[in-house]
Amino acid sequence: MDISNFTAEFQALTSLLRDPEEEEAAPAPGTVSRPNPGAIGPKELLNVKVPAPKARHDPKEIWRDDELLDPAAAAVDDDYEDGREVPNYEFLYKQAVDTADNFLGMSGKDGSSTSCEDLVVRVELPGAAGAAELDLDVKDTYLKLSSPQYKLSIHLPHKVDGERGKAKWDSTKKVLSITLRIIREDPF
């Protein structure tokens, strides 16, 4: 087979198969257009904005700058002893489960605190007259409770939604139960 004859036949075949609209956008003579990954697919996808990749952190870092608390926000103004009694308190955890979770284990939840949605702070106040004398202030990582007889200032074991908590006073047991939604942060 003669190579010049093959080239001529191939160019003739190409001219037969070429779309007339394509001739207007044909490259200038002497330039060769090679396909690349950008030529695949519809042209309107070329203007899609791709988000910047997340910055990678050094796996040996103990903490990152964005994880540190602002010193002004971390300061607690009442960490001094003023003679009031510190009440007994305990942390309890709650999770929403149904019968499928309980008997079949379908949700993958376990009994650990990592599967819990709520943190309950249960404070025993036997000398309190009622809920009206209690002053409660909840921040995302801190809880302050004060009354004429009691004072409690504690850091919480998990970050919580301090704006949407619920407090319930049990007047027969003289116990205040504060239920707070735990905020789970993505570790990466």
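Heavy-atom basis, side chains included; hydrogens, waters and symmetry copies ignored.
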Following the transitive rule for hydrophobic clusters with a side-chain heavy-atom cut-off under 4.5 Å over Ile, Leu, Val, Met, Phe, Trp and Tyr, establish whether [X] and [Y] coincide in one cluster.
X: Y93; Y: V175; result: no
X: I183; Y: I178; result: no
X: Y150; Y: L136; result: yes
X: V120; Y: I182; result: no

Do D161 and L180 come close enough that some side-chain heavy atom pair is under 4.5 Å?
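Result no, sub-4.5 Å side-chain heavy-atom pair not found.
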When you compare the side chain of E85 with that of K151, does any pair of heavy atoms fall below 4.5 Å?
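Sidechains of E85 and K151: no contact.
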Rounded at 0.5 Å granularity, tell me how far [atom1] in [X] sits from [atom2] in [Y].
X: L92; Y: L119; atom1: CG; atom2: CG; value: 8.0 Å
X: K166; Y: D118; atom1: NZ; atom2: CG; value: 8.5 Å
X: T141; Y: H158; atom1: OG1; atom2: NE2; value: 13.0 Å
X: D137; Y: K144; atom1: CG; atom2: NZ; value: 5.0 Å
X: K173; Y: L125; atom1: NZ; atom2: CG; value: 14.0 Å
X: N88; Y: L152; atom1: CG; atom2: CG; value: 10.0 Å

Taking all atoms of both residues into account, what is the closest heavy-atom pair of [X] and [Y], and its distance?
X: I154; Y: Y142; answer: O-CD1, 3.2 Å
X: V123; Y: P87; answer: CG1-CG, 3.7 Å
X: H155; Y: F91; answer: O-CZ, 4.1 Å
X: K139; Y: L156; answer: O-CD1, 4.1 Å
X: S147; Y: R84; answer: O-NH1, 3.0 Å

Using a strict threshold of under 4.0 Å (side-chain N to carboxylate O), is an ion pair present between K168 and D170?
no
Please check if atom CD in E163 has more than 12 non-hydrogen atoms from other residues, nucleotides or ligands closer than 6.0 Å.
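Open.
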Kindly check if the number of other-residue, nucleotide or ligand heavy atoms within 6.0 Å of NZ (K174) is above 12?
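More than 12 heavy atoms, drawn from other residues, nucleotides or ligands, come within 6.0 Å of this atom.
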Residues passing the salt bridge (charged side-chain N to carboxylate O under 4.0 Å, His left out) test with E124, sequence neighbours excluded, are R122
For the residue pair F6 and F10, does the interplanar ring angle fall in the parallel (under 30°), tilted (30 to 60°) or perpendicular (over 60°) class?
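Parallel: the ring planes of F6 and F10 meet at under 30°.
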